Amino acid sequence: MALVKTTDMLAACLKGKYAVGAFNINGLDQPRALIEAAEKANSPLIVVEPGVIEKYVDFEDFARVTKRAARDAKVPVSIHLSHGLSLEQCQRAVKAGFTSVMYDGSKLSFEENIANTKKMVDFAHKYGCAVEGELGALGSSFADITETMTDPEKAREFVERTGVDILAVSIGNSHGFYKGTPHLDFERLAAIRKAIAPYKCYLTLHGGSGISEEHFKRSIEEGITKVCIYTEMCSTGRSEALKWFEANPEYTGNYDTCELQKAILSGFTAYETHCMNMFMSAGREEKLTDLLNAVPENTDVGPDYPSQVALNPNFKDEGIFWDKF
């Protein structure tokens, strides 16, 4: 089924009242493992390169490996950059063949965030690539999650002036492990959704690790179509690694390192599958046959790839693959 437009995927989520999981990777063995788990769950999937690990995972290597793994996938897959902190970094991801990128200007002033996000939108749309922006200050495991949340009226202005395709919102969600029980502001989320309703823009939730299934489903009801997951997935992988060491006290560090890695990946994919069920994206097999050739085949992922994508008339504006149903 190969790659599909991220925005076509989110359009289907909105229509079907479910969300797609956007799962971060930190190694090049993970895209295939995540895709195989998605196939077993019959779920669409967004494979994410968090910009902070670029020194470990090169953009072009990631795009090449993920596209190769997605080529024969039985489910739709898209490639996303999360939290690109500079225009230059996002532009490199676009040129590497990502189907969507996030420019994170949330730490800038409102006007600076708008100006830079608009520049990124203008650049990426020429290549058929969607752009995610962020408005509001997300918490972290090192910060109080009661930091500034997304203002609905500013969200409307931000989306209108930037033309952004996806908006990451702050409604009490936080990166990393929560210090306490997260309390999401659903009234704020509903107001944001209403404010941006006139525009073709989808809502995404970061900091998914630790949010309850009940709150996920409520968020989806209020318009969230993409949920970002990383911390809990890594924690589960670490737990499986510790179990493996306990079961293999004679570890020698030779070929059994492959078995150790398999154990880590099993933790990643176990939590991925759990999330796909929570997000209600699992079991979509009957919906997936309409998604063939959403992104044109190109074996040479690299600087020339986006221009070839842009040649596909169905890749821009209104998609014809996901919105058939």
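Numbering starts at 1 and runs along the sequence shown. Model, not experiment: these values are computed from the prediction.
Under the side chain to side chain contact (heavy atoms under 4.5 Å, CB included) criterion, A37 pairs with T269, E272, T273, not counting sequence neighbours. In this structure, the salt bridge (Lys or Arg N to Asp or Glu O under 4.0 Å) partners of K262, at least two apart in sequence or on a different chain, are E259.
Hydrophobic clustering keeps L85 apart from V131 (ILVMFWY residues linked when any side-chain heavy atoms are closer than 4.5 Å, directly or through intermediates). Under a hydrophobic clustering in which Ile, Leu, Val, Met, Phe, Trp and Tyr are joined whenever their side-chain heavy atoms come within less than 4.5 Å, directly or via other members, L265 and L242 fall into different clusters.
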task = Check the pair K200 / D165 against side-chain contact (heavy atoms from CB on, under 4.5 Å), numbers first and verdict last.
result = CA-CA 7 Å; K200 192 173 181 180; D165 305 287; over 6 Å; no

request  = Test V94 against L81 for side-chain contact (heavy atoms from CB on, under 4.5 Å), laying out the working first.
outcome  = CA-CA 9 Å; V94 170; L81 168 68; over 6 Å; no

request  = Check the pair C129 / V101 against side-chain contact (heavy atoms from CB on, under 4.5 Å), numbers first and verdict last.
outcome  = CA-CA 7 Å; C129 180; V101 297; 4.1 Å; yes

request  = Let me see the working for I25 and V48 under side-chain contact (heavy atoms from CB on, under 4.5 Å), right down to the final yes or no.
outcome  = CA-CA 6 Å; I25 61 97; V48 181; over 6 Å; no

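Atom CD1 in I79 sits 8.5 Å away from atom NZ in K67 (nearest 0.5 Å). Atom NE2 of H80 and atom OG1 of T66 lie 13.0 Å apart (nearest 0.5 Å). We find the CG-SG distance between L260 and C258 to be 9.5 Å, quoted to the nearest 0.5 Å. A distance of 9.0 Å separates CE of M9 from CG of L3, quoted to the nearest 0.5 Å. Here C234 contributes atom SG and E232 contributes atom CD; the two are 10.0 Å apart, rounded to the nearest 0.5 Å. Rounding to the nearest 0.5 Å gives a distance of 11.0 Å between OG of S86 and CG of D104.
Remark: the T117 side chain and the T162 side chain contain no N/O donor-acceptor pair separated by less than 3.5 Å. Side-chain contact, T6 with T99: a donor N or O sits under 3.5 Å from an acceptor N or O. Using modelled atom types and a 3.5 Å distance limit, the side chains of N26 and Y230 yield a donor-acceptor pair. Side chain to side chain, S219 and E222 fail the donor-acceptor criterion of an N or O pair below 3.5 Å.
The side-chain heavy atoms of F268 and F23, taken from C-beta on, include no pair separated by under 4.5 Å. For the pair K118 and D122, the minimum side-chain heavy-atom distance is below 4.5 Å. Here the side chains of Y103 and V164 are not in contact, with every heavy-atom distance at 4.5 Å or above. Residues D58 and L28 fail the side-chain proximity criterion, which asks for heavy atoms closer than 4.5 Å. The shortest distance between side-chain heavy atoms of L205 and I211 falls below 4.5 Å. Under the 4.5 Å side-chain criterion, counting only non-hydrogen atoms from C-beta, F279 is in contact with I229. In this structure, F123 and C90 have side chains that are not in contact, with every pair of non-hydrogen atoms separated by 4.5 Å or more. In this structure, the side chains of E240 and I264 stay at 4.5 Å or more apart for every pair of heavy atoms.
For the pair E111 and R161, the salt-bridge criterion is met [side-chain N within less than 4.0 Å of a carboxylate O]. Salt-bridge formation is detected for the pair E160/R156: a Lys NZ or Arg NE/NH1/NH2 atom is positioned less than 4.0 Å from an Asp or Glu carboxylate oxygen. Using a cut-off of 4.0 Å between Lys/Arg side-chain N and Asp/Glu carboxylate O, E221 and K217 are scored as not salt-bridged. No salt bridge links K243 with E246; every basic N to acidic carboxylate O contact stays at or beyond 4.0 Å. Using a 4.0 Å cut-off between a side-chain N of Lys or Arg and a carboxylate O of Asp or Glu, K154 and D151 do not qualify as a salt bridge.
The main-chain N or O of E39 is never found under 3.5 Å from a side-chain atom of S43 such that the two would form a donor-acceptor pair. Not a single donor-acceptor pair under 3.5 Å links the side chain of N113 to the backbone N or O of S109.
Looking at every heavy atom in both residues, A282 comes nearest to N277 through CB-OD1, 3.5 Å. Closest heavy-atom contact between M276 and A41: SD-CB, 4.0 Å. Minimum interatomic distance between R188 and S170 (heavy atoms only, all atoms of both residues): CD-O, 4.0 Å. The two residues M233 and Y271 make their nearest non-hydrogen contact at N-CD2, 3.9 Å. Here the shortest heavy-atom pairing between V4 and S78 reads O-CB, 3.5 Å. Nearest heavy-atom pair, V227 versus A19, reported as atom, atom and distance to 0.1 Å: CG2-CB, 4.1 Å.
A cation-pi geometry, defined here as NZ or CZ lying under 6.0 Å from the six-membered ring centre and within 45° of its normal, does not hold between K226 and Y202.
With T204 as the fixed residue, the side chain to side chain contact (heavy atoms under 4.5 Å, CB included) test singles out one of E132, E134, M102: E132.
Residue E214 qualifies as open at atom CD: its count of foreign heavy atoms under 6.0 Å is 12 or below.
Between H215 and F186, the ring planes are perpendicular. Angles over 60° get that label, and only those under 30° would be called parallel.
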